[in-house]
Amino acid sequence: MAGSQQRQQLLFLYLGNSNLEAAVVGWSFYDGTGKKKFEAAGEAQEPPYKSVLDAMLDGWRVLQVPTLRAPQVGREYQVDYLDFEFVLEKLEAIDG
């Protein structure tokens with residue numbers, strides 16, 4: 001397309017474990033095209049996808065997978081950051 005530019009959309013999906021088919025427990029969406037508003041867990045009842053694999057089947061590319069760490073004995077019930085963060089991107093055309 002002549003005069004068309006691409007902008008990046010980023011989707012952060014947090015899973016219950018490292019399996020790409022595991023359920024999404026949290027998410028954030030950022031749209032570099034300006035067409036959609038920011039979205040995150042807590043703003044909607046359902047995540048945009050049920051798993052990372054579902055997002056991949058819809059054209060999202062995985063940019064980052066979580067670093068797996070051994071469980072820390074004694075910290076099983078402490079609140080902390082979500083361990084299984086996947087970063088995905090999609091490039092969308094905008095009129096330029």
Side-chain angles (χ1 to χ4, degrees):
M1 287 186 245
S4 169
Q5 297 180 10
Q6 290 189 325
R7 295 286 187 266
Q8 186 179 44
Q9 294 177 321
L10 290 177
L11 180 61
F12 292 76
L13 295 179
Y14 301 90
L15 306 186
N17 62 57
S18 63
N19 184 331
L20 293 177
E21 295 182 270
V24 173
V25 298
W27 68 92
S28 297
F29 172 74
Y30 300 89
D31 187 5
T33 70
K35 296 177 184 177
K36 297 179 183 176
K37 71 176 191 77
F38 169 79
E39 182 184 303
E43 294 182 352
Q45 292 292 335
E46 296 291 322
Y49 297 95
K50 294 195 182 297
S51 69
V52 170
L53 186 58
D54 285 345
M56 291 170 61
L57 292 170
D58 193 35
W60 288 89
R61 299 179 341 159
V62 177
L63 296 180
Q64 175 182 306
V65 297
T67 301
L68 299 179
R69 297 180 286 167
Q72 297 179 347
V73 177
R75 295 201 61 203
E76 294 90 347
Y77 300 105
Q78 293 183 356
V79 177
D80 205 342
Y81 294 100
L82 297 172
D83 283 332
F84 305 105
E85 175 188 69
F86 290 79
V87 181
L88 299 96
E89 80 160 353
K90 193 183 259 191
L91 297 175
E92 292 288 325
I94 63 168
D95 294 330

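- A 4.5 Å side-chain heavy-atom check between V25 and L15 finds every atom pair outside the cut-off.
- In this pair, Y30 and F38 present their aromatic rings tilted. The plane angle is within the 30 to 60° band.
- Residues meeting the side-chain hydrogen bond (donor to acceptor under 3.5 Å, both in side chains) test with S28, sequence neighbours left out: none.
- Checking Q9 against R7 by side-chain atom types alone, no donor-acceptor pair falls below 3.5 Å.
- For the atom pair CG of L10 and CZ of F29, the computed distance is 8.5 Å after rounding to the nearest 0.5 Å.
- Counting heavy atoms from C-beta on, the side chains of L88 and L13 come closer than 4.5 Å.
- Using a 4.5 Å cut-off between side-chain heavy atoms of Ile, Leu, Val, Met, Phe, Trp and Tyr, with links allowed through other members, L91 and V87 fall into different hydrophobic clusters.
- The minimum heavy-atom distance linking S51 with L20 is given by the pair CB-O, 3.4 Å.
- For the salt bridge (Lys or Arg N to Asp or Glu O under 4.0 Å) test, residues two or more places apart in sequence or in another chain that qualify with E43 are K37.
- K35 is listed as a side-chain neighbour of I94, based on a closest heavy-atom distance under 4.5 Å.
- No side-chain N or O of E92 forms a donor-acceptor pair with one of Q6 less than 3.5 Å apart.
- Residues Y49 and W27 bring no donor and acceptor atom of their side chains to less than 3.5 Å of each other.
- A22 approaches N17 most closely through the heavy-atom pair CB-OD1, 3.3 Å.
- You'll find the ring centres of Y14 and F86 outside the 6.0 Å limit.
- Applying the salt bridge (charged side-chain N to carboxylate O under 4.0 Å, His left out) definition to pairs two or more places apart or across chains, those involving residues 53-65 are D58-K90, R61-E89.
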